[in-house]
A.B. asks: 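Just dropping this structure here.
Every chain is numbered from 1 and lettered A, B, ... according to where its sequence line falls, protein lines coming before strand lines.
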2 protein chains.
Amino acid sequence: MQTKTQRSRPDQSEPAAPATPLGTRERIVRTASRLMQRQGYDGTGIKQISTEAGATLGSMYHFFPGGKQELAVAAIRHGDAEFVDILGAVLAAEPDPGAAIRALTRSLAEGLRASDWIDGCPVTATALGTAAGLPDIQAAAAEAFAHWREAVLAKLIEAGLAETDARELAHTVISTLEGAELAAQVTRSEEPLLLAGTHLTRLIDTYPRTADAG
Amino acid sequence: MQTKTQRSRPDQSEPAAPATPLGTRERIVRTASRLMQRQGYDGTGIKQISTEAGATLGSMYHFFPGGKQELAVAAIRHGDAEFVDILGAVLAAEPDPGAAIRALTRSLAEGLRASDWIDGCPVTATALGTAAGLPDIQAAAAEAFAHWREAVLAKLIEAGLAETDARELAHTVISTLEGAELAAQVTRSEEPLLLAGTHLTRLIDTYPRTADAG
DNA sequence: GTCTATACCAAGATAGAC
DNA sequence: GTCTATCTTGGTATAGAC
């Protein structure tokens, strides 16, 4: 009977209306980011975004004349900045980088479970599947990864690791977090993330540090 | 002018016709697996699969009455088995598990570069974005991850690691490989994969082994 | 088992009134 | 800046001849 298979879209929780009401553009970007995070680029329609953001179709193309692609780039940049904030806050709360990254994995695991395993990395789902054909989106995703790597790098340098070691480790920390989040999402279990935290800590602790670490 | 933004679909290389001509069903599954690996579930159409597989639309629904979902499950299982073979071959070629995993990352990096960074993990793109709404697909992806973990686990046990250590490491090895492949794809660089290989080797080498390792 | 035609719906995007 | 109506194309899926 149904011509297109229906997919349940939980969407159980409104993100709690903020004190200052958001502008239309901001509402659109946030909604796009959240929906593409869950459903990917192709799985998310402009009409769905406009409906859930409380904006009309005219507003969508008023603010994003480049259409869906431009919207996706804005969504990825939003997710990028959002995670930079989380990353900064969690890393700052623990002096030791290993402990900080372990705390980060716990935080990610909690968030994933709280969303019933649907809110994964805010850029992966959007970028995957479009990487080959839509260079703007791919580039925005690459920038996000670079920003996150830089945050980890700064933490490792601050702890007294050699620059080369820190730079290389930052790559693997982000890669492992990405993969563990993915695995946790697919298997609906916190285990991959928590083990990633333990192992990353152990790996980092094998590298020498200078004495004057703050 | 165009109502739907066109996406370039390179598809430069036919996978070289095998000696034994494939049956229709096999051709459909392989084509579906390859296309969904590149474009994701929502980005891949039944008509596109049928065209590229040289099958008619009638054949598609003859072999897969469950439609696109059933086809996606078959595609994921195909990618699963395909990677189990690669994993088994590469891991068997090196006695030391660390060296074997490093060889694996080199192999993955080569394949990714050879495909101009479009052929990533054969199940990730298909599963992502559908995990929440399509349980069959999510379950097939979870099974694939479990199979790959078991292959790594066997290699670590064989090398003399304690079972608990090996079991936990197998999780992180797969997570890190997944994430590094993703990062390599997005940044169009082999670096994340190669660094992942180095770091995973270093991590594995921090664990004790029994003397009677083969 | 294979093929063609088609029903039915949703997608992205645009036009133009207000 | 907002809203509605609409155009066109593509999607999934089905029917039924061969």
Side-chain angles (χ1 to χ4, degrees), chain A residues 1-9 11 21-32 35-36 38-75 125-126 129-130 133-134 136-137, chain B residues 1-9 11 21-32 35-36 38-75 125-126 129-130 133-134 136-137:
Chain A
M1 193 60 62
Q2 57 197 6
T3 63
K4 183 168 190 178
T5 309
Q6 289 189 357
R7 229 183 278 184
S8 62
R9 306 206 189 271
D11 215 301
L22 270 48
T24 304
R25 201 196 130 96
E26 262 298 299
R27 265 181 4 251
I28 292 171
V29 171
R30 291 190 189 206
T31 306
L35 288 177
M36 287 187 179
R38 297 177 180 179
Q39 305 167 356
Y41 179 82
D42 287 300
T44 305
I46 303 244
K47 284 177 183 168
Q48 187 192 10
I49 298 169
S50 80
T51 301
E52 298 206 11
T56 63
L57 208 49
S59 296
M60 303 292 289
Y61 285 94
H62 172 74
F63 288 110
F64 301 94
K68 196 176 180 179
Q69 286 188 43
E70 190 182 343
L71 190 46
V73 170
T126 313
T130 69
L134 304 178
D136 291 353
I137 296 177
Chain B
M1 193 60 65
Q2 59 197 4
T3 63
K4 181 165 189 178
T5 309
Q6 288 190 355
R7 225 183 282 183
S8 63
R9 307 207 189 269
D11 214 301
L22 269 50
T24 304
R25 201 196 131 96
E26 262 298 297
R27 268 184 357 253
I28 292 171
V29 171
R30 291 190 187 205
T31 306
L35 289 176
M36 288 189 179
R38 298 178 179 178
Q39 307 168 353
Y41 179 83
D42 286 301
T44 305
I46 303 244
K47 281 179 182 168
Q48 188 192 9
I49 299 170
S50 81
T51 301
E52 299 206 11
T56 63
L57 208 50
S59 297
M60 302 294 288
Y61 286 94
H62 171 74
F63 289 109
F64 301 94
K68 197 177 179 178
Q69 287 188 41
E70 189 182 342
L71 191 44
V73 170
T126 312
T130 69
L134 304 178
D136 290 353
I137 296 177

A.B. asks: Can you name the side-chain contact (heavy atoms from CB on, under 4.5 Å) partners of V29(A), sequence neighbours left out?
C.D. replies: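 side-chain contact (heavy atoms from CB on, under 4.5 Å) list for V29(A), sorted by chain: F64(A), A74(A), H78(A).
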A.B. asks: Measure the distance from OH on Y61(B) to P on dG11(D) and round it to the nearest whole Å.
C.D. replies: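 Nearest whole value for this atom pair: 11 Å.
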A.B. asks: Contact class for S50(A) vs. all strands (heavy atom < 4.0 Å): base, sugar-phosphate, or nothing?
C.D. replies: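 If one applies the 4.0 Å heavy-atom cut-off, S50(A) turns out to touch nothing in the nucleic acid.
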A.B. asks: Any side-chain hydrogen bond (donor to acceptor under 3.5 Å, both in side chains) involving residues 54-63 of chain A? Give me the pairs, sequence neighbours left out, ordered by first then second residue.
C.D. replies: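 Non-adjacent pairs meeting side-chain hydrogen bond (donor to acceptor under 3.5 Å, both in side chains): T56(A)-S59(A).
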A.B. asks: Starting at atom CE of M36(B), determine the distance to atom P of dT12(D), rounded to an integer number of angstrom.
C.D. replies: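 After rounding, the reported distance stands at 9 Å.
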A.B. asks: Kindly indicate whether the side chain of Q69(B), heavy atoms from C-beta on, has any atom under 4.5 Å from the side chain of T130(B).
C.D. replies: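 Side chain of Q69(B) against side chain of T130(B), heavy atoms only: no contact under 4.5 Å found.
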A.B. asks: Under 3.5 Å, is there an N or O donor on one side and an acceptor on the other linking the side chain of K47(B) and the base of dG10(D)?
C.D. replies: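 For K47(B), whose side chain was compared with the base of dG10(D), there is no donor-acceptor pair (under 3.5 Å).
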A.B. asks: Kindly write out the residues that satisfy side-chain hydrogen bond (donor to acceptor under 3.5 Å, both in side chains) with T24(A), not counting sequence neighbours, or none if the list is empty.
C.D. replies: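 Scan of T24(A) (side-chain hydrogen bond (donor to acceptor under 3.5 Å, both in side chains), adjacent residues dropped) gives none.
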A.B. asks: Once you round it to whole Å, what is the distance between P of dG1(D) and CD1 of I28(A)?
C.D. replies: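 Atom-to-atom, I28(A) to dG1(D), this comes out as 12 Å.
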A.B. asks: Can you name the side-chain hydrogen bond (donor to acceptor under 3.5 Å, both in side chains) partners of T44(A), sequence neighbours left out?
C.D. replies: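 Expected list: Q39(A).
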A.B. asks: Starting at atom CD1 of I49(B), determine the distance to atom C1' of dA13(D), rounded to an integer number of angstrom.
C.D. replies: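 The answer, rounded to whole Å, is 14 Å.
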A.B. asks: At under 4.0 Å, does any side-chain N or O of K68(A) touch on OP1 or OP2 of dG12(C)?
C.D. replies: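 Yes.
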A.B. asks: According to salt bridge (charged side-chain N to carboxylate O under 4.0 Å, His left out), who are the partners of E70(A), at least two apart in sequence or on a separate chain?
C.D. replies: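 Not a single residue meets the salt bridge (charged side-chain N to carboxylate O under 4.0 Å, His left out) criterion with E70(A).
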A.B. asks: Calculate the interatomic distance between M60(A) atom CE and dG1(D) atom C1'; express it in whole Å.
C.D. replies: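 Result: 14 Å.
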A.B. asks: Any N/O pairs under 3.5 Å between the protein and nucleotides 2-5 of chain C? List them or say none.
C.D. replies:
unit_1	atom_1	unit_2	atom_2	d
dT2(C)	OP1	T24(B)	OG1	3.1
dT2(C)	OP2	S59(B)	OG	3.4

A.B. asks: Taking atom C1' of dT12(D) as reference, at what distance in whole Å does atom OH of Y41(B) sit?
C.D. replies: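 Value for this atom pair: 10 Å.
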